[in-house]
Amino acid sequence: MVVRPFTYEDGAEFTARARESKDLHRPWLFPPTTTQAYTAYAGRLIEDRSKAGFLVCEKSDGAIGGFININNIVEGGFQSGALGYGAFAHAAGRGLMREGLDLVVRYAFGPMRLHRLEINVQPGNAASIALARRCGFRLEGFSPKMLFVDGAWRDHQRWAITTEMVTRQGPR
């Protein structure tokens with residue numbers, strides 16, 4: 001796996017993968033499925049300094065297997081960001097997102113110089129919770145009605161990792 005930044009040119013493949021993956025993503029995730037929606041979505045990740053978006057791609061052919069975004073990046077004394085991610089159906093269950101998330105965490109704690117990353121997950125999203133756990137994130141709490149998802153305010157578990165946790169764990 002490799003991770004690379006989003007580009008506008010990825011729209012056709014990304015939206016096709018998102019349409020193929022609707023059953024996998026619902027009710028947790030709603031990535032863009034049209035060119036217009038992708039352009040707006042990618043534009044925020046490309047142009048907004050408080051966000052960074054990465055595509056998880058197969059090393060052999062560059063096929064997009066998923067995506068990982070760092071949102072709400074805060075610098076200064078906080079040095080933190082909130083992660084969001086999703087695998088596409090053809091890549092789900094193959095360990096690709098684990099490898100991709102490890103790469104993004106290392107990048108965030110290295111060149112981006114962040115100190116903390118958080119993942120907010122709805123309690124019923126077992127696959128996302130398992131990925132957070134496998135990548136070394138710790139459960140820090142529960143927030144009732146934290147985020148507005150699919151037409152309602154949803155409860156979320158808060159998972160986090162800090163640069164010290166990665167250093168203690170050694171190379172990933």
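This chain uses plain numbering: 1 for the first residue, then up along the sequence. Quantities reported herein were computed from a predicted structural model and do not represent experimental measurements.
Of the possible donor and acceptor atoms, one in the side chain of T34 sits under 3.5 Å from a partner among the backbone N and O of A37. When atom types are taken as modelled, the side chain of E99 and the backbone of M1 share a donor-acceptor pair closer than 3.5 angstrom. Of the possible donor and acceptor atoms, none in the side chain of R116 sits under 3.5 Å from a partner among the backbone N and O of T162. Using a distance-only test at 3.5 Å, with no hydrogens or angles considered, no donor-acceptor pair links the side chain of H115 to the main chain of E164. With R106 contributing its side chain and F109 its backbone, the two residues share no donor-acceptor pair below 3.5 Å. Side-chain atoms of S128 never come within 3.5 Å of backbone atoms of N125 as a donor-acceptor pair (strictly under, hydrogens ignored).
The CZ atom of R134 sits 10.5 Å away from atom CE of M97, with the distance rounded to the nearest 0.5 Å. Taken from CG in L29 to CZ in R26, the straight-line distance is 7.5 Å, to the nearest 0.5 Å. Note that CG of L24 is 11.5 Å distant from NE2 of H90, once rounded to the nearest 0.5 Å. Atom-to-atom distance recorded for F6:CZ and R44:CZ is 10.5 Å, nearest 0.5 angstrom. Here I129 contributes atom CD1 and Q122 contributes atom CD; the two are 9.5 Å apart, rounded to the nearest 0.5 Å. Interatomic distance, C135 SG to M165 CE, rounded to the nearest 0.5 Å: 11.5 Å.
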Please table the atom pairs, donor to acceptor, closer than 3.5 Å between any side-chain atom in residues 62-72 and protein atoms at least two apart or in another chain.
{"from": "N69", "atom 1": "ND2", "to": "Y41", "atom 2": "OH", "distance (Å)": "2.6"}

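Taking every heavy atom of both residues into account, I119 and A132 meet most closely at CD1-CB, 3.9 Å. The two residues L103 and V3 have their closest heavy-atom pair at CB-CG2, 4.0 Å. Considering every non-hydrogen atom in both P27 and D150, the closest pair reads CB-OD2, 4.1 Å.
Using a 4.5 Å heavy-atom threshold, the side chains of I73 and M112 count as touching. For the pair L131/Y85, a side-chain contact is recorded, criterion being any heavy-atom separation below 4.5 Å from C-beta on. Between K145 and D155 the shortest side-chain heavy-atom distance falls below 4.5 Å. For the pair N120/W159, no side-chain contact is recorded, criterion being any heavy-atom separation below 4.5 Å from C-beta on. Counting only heavy atoms from C-beta outward, the side chains of L117 and L114 approach each other to under 4.5 Å. Between P123 and F142 the shortest side-chain heavy-atom distance falls below 4.5 Å.
Take R154 and apply the side chain to side chain donor-acceptor pair (under 3.5 Å) test, not counting sequence neighbours, and it matches no residue.
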- Item | Full working for salt bridge (Lys or Arg N to Asp or Glu O under 4.0 Å) between D10 and R17 | CA-CA 11 Å; D10 294 309; R17 299 282 189 202; over 6 Å; no
- Give the intermediate values and the outcome of side-chain contact (heavy atoms from CB on, under 4.5 Å) for residues L83 and E118. CA-CA 6 Å; L83 290 171; E118 294 185 9; over 6 Å; no
- Message: Walk me through whether F54 and Y107 qualify under ring-ring contact (aromatic ring centres under 6.0 Å, His included).
- Response: CA-CA 11 Å; F54 302 92; Y107 184 77; 5.7 Å; yes
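Follow the hydrophobic side-chain contacts under 4.5 Å out from V105 and you never reach L55; the two are in separate clusters. Cluster annotation: L147 is not connected to W28 through the hydrophobic network of ILVMFWY side chains, with a link wherever side-chain heavy atoms come within less than 4.5 Å.
The number of heavy-atom neighbours closer than 6.0 Å to CZ of R113, taken from other residues, nucleotides and ligands shown, is 12 or below.
In this structure, F88 and F14 have perpendicular ring planes: the angle between them is above 60°, well past the 30° mark.
Exactly one of R158, Q157, H156 qualifies for a side chain to side chain donor-acceptor pair (under 3.5 Å) with S143. That residue is R158.
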